[in-house]
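Step one of this worksheet: look at the structure below.
Source: prediction; values computed, not measured.
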Amino acid sequence: MTDHAEHPPSKPPKPSIREPGERNVDAAEVARFQRLAKAWWDPTGDFRPLHQIGPARLTFIRDALTRHFATDTGGRYPLKGLTALDVGCGGGLMSEPLARLGARVTGIDPGEENVAIARDHASAQGLDIDYRATTAESLLAAGETFDAVLALEVVEHVPDVGAFVRTCAGLVRPGGIIVLSTLNRTAKSYALAIVAAEYVLGWLPRGTHQWDRFVTPDELAGHLTAAGLSSPRFRGMVYSPFRDDWSLADDTDVNYLVAAEKPAK
């Protein structure tokens with residue numbers, strides 16, 4: 001085990017100051033996920049944890065969007081008519097369920113191989129999803145907006161969290177909503193998400209996460225507020241070893257989600 005796995009850093013790094021529209025991407029992170037691109041849809045492979053937390057994440061997203069937009073929750077397509085942007089979509093593990101719920105989904109990722117995998121898989125499922133190999137900054141510069149913007153398990157991989165949240169907020173139309181999911185920076189998250197998941201159980205490739213990039217709910221709430229978003233609602237996700245599944249809970253010590261609103265003009 002490396003020194004990094006034995007001793008978590010004592011405090012997070014100071015965020016950099018980025019100009020509006022400046023690319024906020026860690027090239028090494030993009031390259032690492034591209035090397036794993038063929039494993040996106042293998043439920044027993046390197047992305048097994050994302051497959052496992054998928055139902056809990058989808059429940060939170062569906063409930064947040066239907067509550068916010070007051071859509072019909074009883075039908076087969078509760079998100080029908082809504083536009084959704086999946087930032088850092090990877091192979092499309094969340095883009096596809098959202099499309100099946102009726103949303104018009106755009107999925108973006110800076111990794112071209114990830115997007116190619118996502119496109120091929122969606123096509124085989126008969127799903128019409130607009131996948132693009134691009135960044136959130138590029139879409140913002142083009143003036144695009146969406147009813148809902150999602151960034152799931154992305155926050156902890158970007159160099160400047162504040163700048164990333166501002167960019168995503170700029171892509172939410174007035175009256176829209178943003179949903180983020182990430183990892184809390186606690187001793188518990190270090191023990192479970194890094195030491196256990198990467199080094200003991202092997203659920204994730206070693207080096208997937210850097211503990212100093214984890215973000216506390218208070219920090220993320222501050223970034224959301226600074227970006228002009230309001231009414232953040234947090235929920236945690238917890239793992240049950242007895243059921244071998246994940247569920248939503250009040251415990252945000254490790255994995256958590258948040259939904260926040262953009263005021264209508």
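Under a 3.5 Å cut-off, the side chain of Ser123 and the backbone N or O of Arg119 do not form any donor-acceptor pair. Remark: side-chain polar atoms of Thr186 are paired, donor with acceptor, to backbone N or O of Asp253 under 3.5 angstrom. The backbone N or O of Leu79 sits nowhere less than 3.5 Å from a side-chain atom of Thr71 that would complete a donor-acceptor pair. Remark: side-chain polar atoms of Glu96 are paired, donor with acceptor, to backbone N or O of Ala122 under 3.5 angstrom. Without hydrogens or angle criteria, Asp109 side chain to Gly90 main chain gives a donor-acceptor distance under 3.5 Å. Without hydrogens or angle criteria, His223 side chain to Ala163 main chain gives no donor-acceptor distance under 3.5 Å. Formation of a donor-acceptor pair under 3.5 Å by the His68 side chain with backbone atoms of Gly175 is found in this model. Although no hydrogens or angles enter the test, the distance criterion places a donor-acceptor pair under 3.5 Å between the side chain of Ser181 and the main chain of Glu153. Of the possible polar contacts, none joining the Asp147 side chain to the Gly176 backbone as a donor-acceptor pair under 3.5 Å is found.
For the residue pair Val179 and Ala259, the shortest heavy atom distance occurs at CG2-CB, 4.1 Å.
Residues that satisfy the ring-ring contact (aromatic ring centres under 6.0 Å, His included) test with Phe60, not counting sequence neighbours, are absent from this structure.
Contact annotation: the side chain of Ile178 never approaches that of Lys262 to less than 4.5 Å [non-hydrogen atoms, C-beta and beyond].
The only option from Asp63, Thr252, Asp250, Asn255 that meets the side chain to side chain donor-acceptor pair (under 3.5 Å) definition with Arg235 turns out to be Asp250.
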Next on the checklist: Please evaluate residues Asn184 and Val254 with respect to the criterion side-chain contact (heavy atoms from CB on, under 4.5 Å), reporting the C-alpha separation (whole Å), side-chain torsions for both, the decisive distance (0.1 Å), and the verdict.
Outcome noted: CA-CA 5 Å; Asn184 197 350; Val254 184; 6.0 Å; no
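Under the 4.5 Å side-chain heavy-atom criterion for ILVMFWY residues, no single connected hydrophobic cluster contains both Ile53 and Val238. Residues Leu140 and Ile108 share a single hydrophobic cluster, defined by chaining ILVMFWY side chains whose heavy atoms lie under 4.5 Å apart.
The list of ring-ring contact (aromatic ring centres under 6.0 Å, His included) pairs with a residue in residues 83-127, not counting sequence neighbours, reads Trp41-His121.
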